[in-house]
Amino acid sequence: MDSQKLQTQYRTDTCGGLRKEDDGREVTLVGWVFRWRDHGGIVFIDMRDRYGVTQIVFDRNSAEQDIDSLAHKLRSEFVIQVKGQVRPRPEGTVNESLPTGEVEVSATHLEIISESENPPFRLDDKGEVGEDIRLQYRYLDLRREELQRYIRIRHDAVIAARKYMDTLSFLDIETPILCKPTPEGARDFLVPARMHPGKFYALPQSPQIYKQILMVSGFDRYYQIARCFRDEALRADRQLEFTQIDIEMSFIDEDDIIKVTEGLMETIYRQTLGIELKPPFVRMGYDECMELYGIDRPDLRYDLQIKDLSDAFRGCEFRVFNQILDTGGRIRGIVVPGAAGYSRKELDDINAVAVDMGSKGCVWQRVGGGGEHDSSIKNIVSQPYFDKAAELAGASRGDLLVFVGGPDSLTSKVLARLRQYLAAREGLIDKNKLSFLWVTDFPLFERDEATGALSSSHHPFTSPHPEDLDKLESEPEKVRSRAYDIVLNGYEIGGGSIRIHNPDVQRRIFRALGISDEQAEYKFGFLLKAFQYGAPPHGGIAMGMDRVAMLLCGTDSIRDVIPFPKSSKASGLMEDAPAMVEEKELLELHIRKIVKK
RNA sequence: GGGGUCGUAGUUCAGUUGGUUAGAACGCCGGCCUGUCAAGCCGGAGGUCGCGAGUUCAAAUCUCGUCGGCCCCGCCA
């Protein structure tokens, strides 16, 4: 840290910069009272700012000023200015745990700049504090070393990303926050348009259409660190507003985007944590991914692959299994090595997880030391079937098998969760491992099971796989897309696609989605029109900045890397947002409340 | 929209089968103290048991509702 740069009218140095080389210097520091140890005749103050902690000593005998009265008044989180002389600490009193621990500042002058109420929780990272109270007093929470570090890591990542993108000739271009509503996809945040009674803007779910139009404008390589808004339920890794590193390129294919993205992640990890990644990352097609892991964002830090055990149980005595197999379902399971010793309670817990994910439950089988099989269905199914299952699954003595039957959509969902649950339970997750994965060849559409309607699995501008174009009308669900996701340790940290740049193909997609020409014209006419004026082939990706930052910081909630996040019920606990507004404001916006509270 | 879990002092928590004045630690306030660093010692203050009903002679404790934090399902093109 270049202390020269941080010098101001208030300070000569920071609370993190002094070393024994500074012995004898007259310095002025400003900061917060972190801790104090009042011994009567001598008072120690740990003074804190962004840069660190420095011990200040007030000595009744040696101080030039009568600090007796002032120093004793100091309390936690007062803002103070201290003048004094740097000196080495007496022998035996060096604090090894502080970078500044070899020195202290002997105070000659103290000014209380700002007093503080007693803080509602301690800021020294000793002991847990409820998240509600932390969010309510977020400005104090953010003073804590941990959050200061997270915000710093996030900053470093953003700077690394910007430098990298700039090096590759990407232009940082802004796009509107007030957009045209798009009823597809996530729920929009709407903004009433005062000057257009009855009409609304929407906050961007992503800058998607604008960045595609920028490609038509010839910008070739665009990026933006863009705030996005989606009015959907929150999760530990989802907020109403979040930040994307949004990228779009022209005259490229999948490999070009993937290469740029891998380089981006490589740069971010090197610049923030000094970790060298080893691209290229593993790639896997969607179908294979779902078959092996049951989910499109598997955590590959551990194995526990899903096995198809249908053939083992075909014709067995268990009617439920036969019914499943006869109706196109499968029996699939995972082997947990060395877990045959699980108690009934533990097996019940596993079953509860399976039920929670929507199945009727799971079946377990444990392979005993003599190769004999114990199972929750051993009274129904005879031993040879278990032999076959163990053989198919590759389970050996001492292993546990857990399996679920049903349509693939169900077994995938349940087994993906069980895989995660069992890996955690078995301690198979290496916290220091970084398992990147590209998932490619997503299906272009997915069908809503309730309504039967098709919708885009990525977004409606995603290019279909050229080989599957002729199936667009006949077998739309078999059409693969040119979409790709990047996954890290089980989190989807980014996704994108090669876009459609041909207006005719785009219209065929809209038709397949049940969007009429008129509707398409109304909603996306401006994009289609733009494409009629020489659209370059293009594609891009959006990286979830919050999730990337979260993973860099090693936490499990993006709230930790967002200075002012919303609670899980979407409230700002500090400022108490959202809030009521005056009737007259609504009137001006041509809005009437129908819910009173 | 649904499920789980939690809600007691400023904070983190304990609180038995429903039964006397709801406790502990840390923090806070006061005093003592010249080498501490989560300082120490002595003393003190501090409670709408989230909120509202109900059951009961009696509710932090039981029941119902409600609000809020966290996690999950649905949702998240």
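Within every chain, numbering begins at 1; the chains are lettered A, B, ... in the order of the sequence lines, protein sequences first and strands thereafter.
Across all strands shown, B:C42 is found opposite B:G30 as a Watson-Crick or G-U wobble partner, with both distances under 3.5 Å. Judged by Watson-Crick or G-U wobble contacts below 3.5 Å, the nucleotide B:G47 has no partner. With a cut-off of 3.5 Å on both pairing distances, the Watson-Crick or G-U wobble partner of B:A24 is B:U12. Within the shown strands, nothing qualifies as a pairing partner of B:G18 under the Watson-Crick or G-U definition with both distances less than 3.5 Å. Across all strands shown, the partner of B:G7 is B:C67, judged by Watson-Crick or G-U wobble contacts whose two distances both fall under 3.5 Å. Nucleotide B:C62 has B:G54 as its partner under the Watson-Crick or G-U criteria, with both atom distances under 3.5 Å. Both distances falling under 3.5 Å, in either a Watson-Crick or a G-U wobble arrangement, occur for no nucleotide opposite B:U36.
Residue contacts for A:Ser456: at a heavy-atom cut-off of 4.0 Å it reaches the sugar-phosphate backbone alone, with no base atom in range. Looking at heavy-atom distances under 4.0 Å, A:Arg134 makes no contact with the nucleic acid at all. No engagement by A:Leu98 is indicated, since no non-hydrogen atom pair under 4.0 Å with the nucleic acid exists. Residue A:Asp38 is in base contact, counting any heavy-atom pair closer than 4.0 Å across all strands shown. Residue A:Arg35 is in sugar-phosphate contact alone, with no base atom involved, counting any heavy-atom pair closer than 4.0 Å across all strands shown. Among the protein residues, A:Ser567 comes within range of the sugar-phosphate backbone only, with heavy atoms under 4.0 Å from sugar or phosphate atoms but none that close to a base. Residue A:Arg87 is classed as a base contact, given a heavy-atom separation below 4.0 Å to a base. Residue-level contact check: A:Pro120 touches the backbone only, with heavy atoms under 4.0 Å from sugar-phosphate atoms and none from bases. Residue contacts for A:Ala186: at a heavy-atom cut-off of 4.0 Å it reaches the sugar-phosphate backbone alone, with no base atom in range.
Between the side chains of A:Asp246 and A:Tyr222, at least one donor N or O sits under 3.5 Å from an acceptor N or O. Between the side chains of A:Glu518 and A:Tyr522, not a single donor N or O lies within less than 3.5 Å of an accepting N or O. Residues A:Arg60 and A:His39 have side chains that never bring a donor and an acceptor to within less than 3.5 angstrom of each other.
Comparing B:C6 with B:G74, their P atoms sit 24 Å apart, to the nearest whole Å. Nucleotides B:G27 and B:C72 are separated by 35 Å at their C1' atoms, to the nearest Å. Going from the C1' atom of B:C33 to that of B:C42 covers 11 Å, rounded to whole Å. With C1' as the reference atom, B:C28 and B:C75 are 46 Å apart, rounded to whole Å. Rounded to whole Å, the C1' atom of B:U20 lies 45 Å from the corresponding atom of B:U36. Rounded to whole Å, the separation between the P atoms of B:U55 and B:U16 comes to 24 Å. When the P atom is used for both B:G47 and B:G54, the distance is 27 Å, rounded to whole Å. The same atom, P, is picked in B:U61 and in B:A22; the two are 15 Å apart, to the nearest Å.
Put simply, CZ on A:Phe229 is 19 Å from P on B:C76, counting in whole angstrom units. Summarising the geometry, the separation between CZ on A:Arg37 and P on B:G35 is reported as 13 Å, rounded to the nearest angstrom. Here the C1' atom of nucleotide B:C76 and the CG atom of A:Asp546 are 14 Å apart, to the nearest Å. As a whole-Å value, the separation of A:Gln136 CD from B:G10 C1' is 12 Å. One atom, CG of A:Leu234, and another, P of B:G68, lie 14 Å apart when rounded to the nearest Å. Summarising the geometry, the separation between CZ on A:Phe58 and P on B:A39 is reported as 16 Å, rounded to the nearest angstrom. Look at CE on A:Met357: it is 16 Å from P on B:C71, rounded to the nearest Å. Following rounding to the nearest Å, A:Asp237 (CG) and B:C70 (P) show an atom-to-atom distance of 14 Å.
Between the side-chain ring of A:His39 and the base of B:A39, a stacking contact exists by the 5.5 Å and 30° definition. Residue ring and base: A:Phe121 does not count as stacked with B:U11 (centre distance below 5.5 Å and interplanar angle below 30° not both satisfied).
The number of heavy atoms from other shown groups lying within 6.0 Å of CZ (A:Arg134) is above 12.
For B:U11, the base has no donor-acceptor partner in the side chain of A:Glu128 [N/O atoms by modelled type, under 3.5 angstrom]. Looking at A:Arg187, its side chain has no donor and acceptor atom pair within 3.5 Å of the base of B:G1. At a cut-off of 3.5 angstrom, counting only N and O atoms as typed in the model, there is a donor on one side and an acceptor on the other between the side-chain of A:Arg89 and the base of B:C37. For a distance-only test at 3.5 Å, the side chain of A:Glu104 qualifies as a donor-acceptor partner of the base of B:G35. Residue A:Arg238 places a side-chain atom within donor-acceptor reach of the base of B:C76, judged by atom type and a 3.5 Å distance cut-off alone. Contact of A:Asp356 with B:C73 (side chain to base): no donor-acceptor pair of N or O atoms is detected under 3.5 Å. Side chain A:Arg122 to base B:A38: a donor-acceptor pair is found below 3.5 Å.
Residue A:Ser568 places at least one side-chain N or O closer than 4.0 Å to OP1 or OP2 of B:C70. In this model, the phosphate group of B:G74 is approached by a side-chain N or O of A:Lys413 to a distance below 4.0 Å at OP1 or OP2. Residue A:Arg559 places at least one side-chain N or O under 4.0 Å from the OP1 or OP2 atom of B:C71.
Nucleotides of RNA chain B nearest to A:Leu135 and A:Asn118 differ in position, and the one nearer the 5' end is that of A:Asn118. The 5' end of RNA chain B is approached more closely, in terms of each residue's nearest nucleotide, by A:Asp124 than by the other of A:Ser206 and A:Asp124.
Taking only side-chain atoms of A:Leu573, from C-beta outward, the nucleotide of B:U36, B:G69, B:C76 with the closest atom is B:G69. Of the candidates B:C71, B:G35, B:C70, B:C70 carries the atom nearest the A:Lys569 side chain, counting heavy atoms from C-beta on. Listed candidates were B:U11, B:C75, B:G35. Nearest to the side chain of A:Ala233 is B:C75. In the set B:C37, B:G30, B:G35, B:G30 carries the atom at the smallest distance from any side-chain atom of A:Arg75. Here the nucleotide nearest the side chain of A:Trp36, chosen from B:G69, B:C28, B:G35, is B:C28.
A salt bridge does not link A:Asp23 with A:Lys20: none of the charged nitrogens is closer than 4.0 Å to a carboxylate oxygen. Between A:Arg144 and A:Asp141, at least one side-chain N (NZ, or NE/NH1/NH2) sits under 4.0 Å from a carboxylate O, which counts as a salt bridge. Salt bridge annotation for A:Arg508-A:Glu473: present, with a cationic side-chain nitrogen under 4.0 angstrom from a carboxylate oxygen. Taking a cutoff of 4.0 Å between a charged side-chain nitrogen and a carboxylate oxygen, A:Arg297 and A:Glu492 do not qualify as a salt bridge.
Relative ring orientation between A:Tyr137 and A:Tyr139 is described as perpendicular, the plane-to-plane angle rising above 60° on a 0-90° scale split at 30° and 60°.
Among A:Val27, A:Thr54, A:Thr100, the single residue meeting the side chain to side chain contact (heavy atoms under 4.5 Å, CB included) criterion with A:Val86 is A:Val27.
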